[in-house]
There are 2 protein chains.
Amino acid sequence: MTRQRQVILEALRSSRAHPTGDEVYRLARQELPHISLGTVYRNLDLLSESGLIRKLELGGTARRFDARVPEHHHLRCLSCDKVEDVEVEPMEGLEQSVEEQSGYEVVEHRLELVGYCPGCREKRERAGFR
Amino acid sequence: MTRQRQVILEALRSSRAHPTGDEVYRLARQELPHISLGTVYRNLDLLSESGLIRKLELGGTARRFDARVPEHHHLRCLSCDKVEDVEVEPMEGLEQSVEEQSGYEVVEHRLELVGYCPGCREKRERAGFR
DNA sequence: CTAACTGCAAAAGCTTTGCTTTTCA
DNA sequence: TGAAAAGCAAAGCTTTTGCAGTTAG
C-alpha cells in the first residue's frame with residue numbers, strides 16, 4: 001500500500017461523484033502534484049481487483065469508479081452526465097432465472113437508469129423541451 | 001437513404017452479434033469495399049437517432065449496435081466478450097418509483113447481466129477455476 | 001535485498017471531425 | 001443545383017504499456 005494508492009483510495013472515498021479516471025487523477029494531484037496518470041489507472045485496476053473499490057461500466061465513453069462496494073445501481077443524467085446512486089428493491093431470482101434460461105454462469109447484474117436530473121430537467125423545460 | 005446507409009442497416013439486421021463500430025465496418029466492407037470508417041460511425045449515429053437501430057452502452061470499451069429496437073436486455077460473457085439478448089420479465093413500476101425517489105425524469109433503464117457463457121464456462125472449469 | 005511500484009512518455013483503441021469531392025432529390 | 005453525405009486522413013479522448021529509476025516490506 002503505497003502513498004499514491006492511499007491517496008487514490010481516499011480521493012474516491014471522499015467523492016460522491018463516481019469520478020472517471022481522469023477526475024481521480026485531478027483529485028489525487030491536489031495531494032500529490034507529481035502523481036502520474038499511469039499510476040492512477042494502474043491503482044484503480046488493482047484496487048478494483050482487490051475489491052476495495054468498484055469499476056463501473058456505465059454508458060458514455062469513460063469508465064467511472066466508486067468506493068461504495070456493496071451492490072447498488074446508478075442513475076445518470078443525459079444532459080450533465082452526473083451519476084448518482086439509486087436504491088432499487090433487489091430483483092429476486094433474476095440471476096438464477098437467467099442462468100437457467102441461458103446456460104451462463106451469471107456473476108452479477110448492473111442496472112442503469114438514465115434520464116434528466118432535477119436541474120437539467122428545469123433547464124430543458126425552460127428551453128421549450130416537452 | 002444512401003447505399004452506404006442501407007448496407008450498414010442490413011449488416012446490422014443480419015447479425016445476431018451486437019457488433020461494435022469496427023465490426024460493422026468490416027461487415028459493410030464485404031459489400032462496399034471502399035466505405036470509410038467515418039461514414040460507418042456517422043450512419044450508426046444517424047440511424048440510432050432516428051430510432052431504426054439502438055446504440056448500446058454496455059460494459060467494455062467499445063460501443064455496440066443492435067437492430068432489434070424494442071426494449072430488451074443483455075447478457076455479456078466476461079471471457080469472450082460476446083453479447084446476447086436476454087428475456088427478463090419487465091420491472092413493473094421501476095422507473096416511476098425512481099422518479100419519485102430522485103426527482104429525475106427517467107427516460108429508460110438498461111439491465112446488463114455479466115458472466116461466463118457455456119463455452120467459456122467449460123474452458124474455465126477445465127483450467128481449474130472454481 | 002528484491003519484488004512491486006512510480007513517473008514519464010509513447011502507443012494503442014475507439015470514435016469524432018475537418019475538408020474536399022460526390023451524390024441524391 | 002443546393003443540401004446532405006461520402007471518402008480520406010488527421011485529431012481527440014480515454015486507457016494501457018515499456019522502461020528506467022525508486023520504494024516498501
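Below, read A as the first sequence line, B as the second, and so on, with proteins coming before strands; counting in each chain starts at 1.
Counting only N and O atoms by type, the side chains of B:H109 and A:E112 include no donor and acceptor under 3.5 Å apart. If you check the side chains of A:Q6 and A:E10, you find no donor sitting under 3.5 Å from an acceptor. Side-chain contact of B:E84 with A:Y104: a donor-acceptor pair under 3.5 Å is present, judged by distance alone.
Look at B:R63 and you won't find any side-chain N or O under 4.0 angstrom from OP1 or OP2 of D:dT14. Applying the 4.0 Å criterion to OP1 and OP2 of C:dT6, one finds that A:T2 has a side-chain N or O inside that range. The shortest distance between the side-chain N/O atoms of A:R42 and the OP1/OP2 oxygens of D:dT16 is not below 4.0 Å. For the pair A:Q4 and D:dT23, the criterion of a side-chain N or O lying under 4.0 Å from OP1 or OP2 is not met.
Spacing between atom CG of A:L32 and atom P of C:dC8 amounts to 12 Å, rounded to whole angstrom units. Summarising the geometry, the separation between CG on B:L47 and C1' on D:dA4 is reported as 14 Å, rounded to the nearest angstrom. In this structure, A:Q6 places its CD atom 16 Å from P of D:dT23, rounding to the nearest Å. The distance between atom CZ of A:R29 and atom C1' of C:dG7, rounded to the nearest whole Å, is 13 Å. Following rounding to the nearest Å, A:I35 (CD1) and D:dT23 (P) show an atom-to-atom distance of 14 Å. Atom CG in A:L9 sits roughly 15 Å away from atom P in C:dC5 (whole-Å rounding). We find that CE of A:M1 is positioned 15 Å from C1' of D:dT23, with the value rounded to whole Å. Atom CZ in A:R64 sits about 14 Å away from atom C1' in D:dC13, given to the nearest Å.
Classification of B:D66 and B:R16 as a salt-bridged pair fails, no side-chain N sitting under 4.0 Å from a carboxylate O.
The residue among B:T20 and A:L46 whose nearest nucleotide of DNA chain C is located toward the 5' end is A:L46. Nearest-nucleotide positions on DNA chain D place A:T61 closer to the 5' end than the other of A:T61 and A:T39. When the nearest nucleotides of DNA chain C are assigned to A:H34 and B:G38 by heavy-atom distance, the more 5′-ward of the two goes with A:H34.
Residue contacts shown for A:L37 include a base, since a base heavy atom lies under 4.0 Å away.
B:H18 and B:H74 have perpendicular rings, their planes meeting at more than 60° on a 0 to 90° scale where under 30° would count as parallel.
Comparing C:dT16, C:dT6, D:dG7 against the side chain of B:D45 picks out C:dT16 as the nearest.
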